[in-house]
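First the structure, in the form of structure tokens, and then the observations on it.
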There are 2 protein chains.
Amino acid sequence: MATSTAAARREEARFAYDAFLKECPTGQLLARISDKWVGLIVSALGEADDRSMRYSDLGRKIPGVSQKMLTQTLRSLERDGLVTRHVTPTVPVRVDYRLTDLGSSLGCLLSSVKIWAENHFDEVSAHRDTYDRAAAAS
Amino acid sequence: MATSTAAARREEARFAYDAFLKECPTGQLLARISDKWVGLIVSALGEADDRSMRYSDLGRKIPGVSQKMLTQTLRSLERDGLVTRHVTPTVPVRVDYRLTDLGSSLGCLLSSVKIWAENHFDEVSAHRDTYDRAAAAS
DNA sequence: CGGTATCCTTGGTGATACTG
DNA sequence: CAGTATCACCAAGGATACCG
């Protein structure tokens, strides 16, 4: 029936997208890396002394992150082999997360992006003002 | 009143977060750069011959992107001065988006990240398998 | 301290249709 | 062709409370 046209097309589109993801896994990985929290966590870890930090220190260093996202992101990073999780079974448990060599290599790139952001922020800001003023003048 | 404790705390937290954004605009910019579509669009544009592409070519080159997201992302990039929008008023209107020098400098960094993703994908994949097998063995 | 489980809101995202 | 506008949806993300 024609009633299922939209649904069918939708399913088809989703299938095509999934197929794309399988054929182009790089895009998948790139999307993961391009995650907001991944960038912040990895660069925070990269700036740390020993490339390692405690869970709560990370939470403090990255304002605005919830426990959930912190844990979730760290888990996925651990799964991807970018960080390692070291548990010290003292009385108050201590957990450290440390960048692996793989993670460090990514960390270098991400911190260069971060540095770019720092260096060009005022420039971007100026462009925004210009753009907004032009829009307001309409 | 005690009844508004949760709401108050929430508002306070939001305020603190906004304050953070103002004090640390770099994070804001970093979050914007770390957008999924920003990465894909900028690197697509960076790989183009003249660093410029037509709207519909971009849509075709980046599978899975909707018109909405494409337009929206391009607008924000234009606002930030990373791309320019050039309209050729022919009969079927032709619109080209081109990376600015600022955008190109970011494009270099993002494509290095993309290259990293390509080079290390199998490594990450291997880590994932190991991790998943360990989890399944529990 | 370092999580996990639960609920709930928000907004990102896509489908559709319409304009110039 | 290149948008804009609207709706509808679902999953990401945050708040909260509870374990080890």
Side-chain angles (χ1 to χ4, degrees), chain A residues 2-18 20-21 31-32 34-38 40-41 52-78 83 85-97 135 138, chain B residues 4-18 20 31-32 34-41 52-78 83 85-97 135 138:
Chain A
T3 55
S4 60
T5 307
R9 249 185 282 169
R10 185 174 186 170
E11 193 175 350
E12 184 184 351
R14 175 167 288 270
F15 181 78
Y17 183 64
D18 288 348
F20 160 67
L21 283 184
R32 180 135 280 228
S34 296
D35 182 70
K36 180 184 174 185
W37 300 122
V38 169
L40 292 170
I41 290 177
S52 80
M53 271 201 207
R54 297 188 59 172
Y55 178 85
S56 46
D57 288 336
L58 274 172
R60 236 170 286 117
K61 169 124 186 183
I62 307 175
V65 68
S66 62
Q67 278 194 340
K68 181 181 178 178
M69 289 325 295
L70 190 53
T71 301
Q72 186 174 306
T73 307
L74 284 168
R75 282 282 185 284
S76 74
L77 289 175
E78 187 193 2
V83 303
R85 181 170 177 270
H86 286 302
V87 181
T88 314
T90 53
V91 174
V93 191
R94 177 198 175 105
V95 181
D96 289 89
Y97 290 92
S138 66
Chain B
S4 58
T5 307
R9 247 185 284 170
R10 186 174 185 170
E11 194 176 351
E12 183 185 351
R14 175 168 289 269
F15 182 79
Y17 183 64
D18 289 348
F20 159 67
R32 184 143 279 261
S34 296
D35 182 72
K36 179 185 175 185
W37 300 121
V38 168
L40 292 169
I41 290 177
S52 82
M53 270 200 207
R54 298 188 57 173
Y55 178 85
S56 47
D57 287 336
L58 274 172
R60 235 170 286 117
K61 170 123 187 183
I62 306 175
V65 69
S66 63
Q67 278 193 341
K68 182 180 178 179
M69 281 301 107
L70 189 53
T71 300
Q72 186 174 305
T73 308
L74 284 169
R75 282 281 184 284
S76 74
L77 289 176
E78 186 194 2
V83 303
R85 180 169 176 271
H86 198 64
V87 181
T88 313
T90 54
V91 175
V93 190
R94 176 196 174 105
V95 181
D96 288 272
Y97 290 93
S138 67

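Both backbone and side-chain heavy atoms feed into the values below; hydrogens, waters and symmetry mates do not.
Per the geometry, CG belonging to A:Asp35 stands 17 Å off P belonging to D:dA11, to the nearest Å. Note: CD (B:Gln72) to P (D:dT6) measures 15 Å, nearest angstrom. Going from atom CD1 of B:Ile62 over to atom C1' of C:dT13 covers 15 Å, rounded to whole Å. The CD1 atom of A:Ile41 sits 11 Å away from the P atom of D:dG13 (whole-angstrom rounding). Put simply, CZ on B:Arg60 is 12 Å from C1' on D:dA2, counting in whole angstrom units. The interatomic distance linking B:Met69 (CE) with D:dA5 (P) rounds to 14 Å, in whole Å. The separation between B:Arg32 atom CZ and C:dG12 atom C1' is 13 Å, rounded to whole Å. Note: NZ (A:Lys36) to C1' (D:dA12) measures 11 Å, nearest angstrom.
For the OP1/OP2 pair of C:dG3 and a distance below 4.0 Å, the side-chain nitrogens and oxygens of A:Arg85 include at least one atom meeting the criterion. Distances shown here put a side-chain N or O of A:Arg54 below 4.0 Å from the OP1 or OP2 atom of C:dG2. Within the 4.0 Å cut-off from OP1 or OP2 of C:dT4, not a single side-chain nitrogen or oxygen of A:Tyr55 is found. B:Ser56 has a side-chain polar atom (N or O) that falls below the 4.0 Å cut-off from OP1 or OP2 of D:dA2. Listed pair A:Thr71 / C:dG3 fails the phosphate criterion, with no side-chain N or O lying under 4.0 Å from OP1 or OP2.
No donor-acceptor distance shorter than 3.5 angstrom exists from the side chain of A:Thr73 to the backbone of A:Leu70, with no hydrogens or angles considered.
Closest of all the heavy-atom pairs between B:Trp37 and B:Met69 is NE1-CG, 3.7 Å. Closest approach of A:Pro92 to A:Thr90, counting heavy atoms only: O-OG1, 2.7 Å.
Place B:Pro92 and A:Gln67 on DNA chain D by their nearest nucleotides, and B:Pro92 ends up nearer the 5' end.
Counting heavy atoms from C-beta on, the side chains of A:Tyr55 and A:Leu74 come closer than 4.5 Å. Side-chain contact between A:Tyr97 and A:Arg54 is absent, with no heavy atoms from C-beta onward closer than 4.5 Å.
Comparing D:dC7, C:dG3, D:dG3 against the side chain of B:Lys68 picks out D:dC7 as the nearest.
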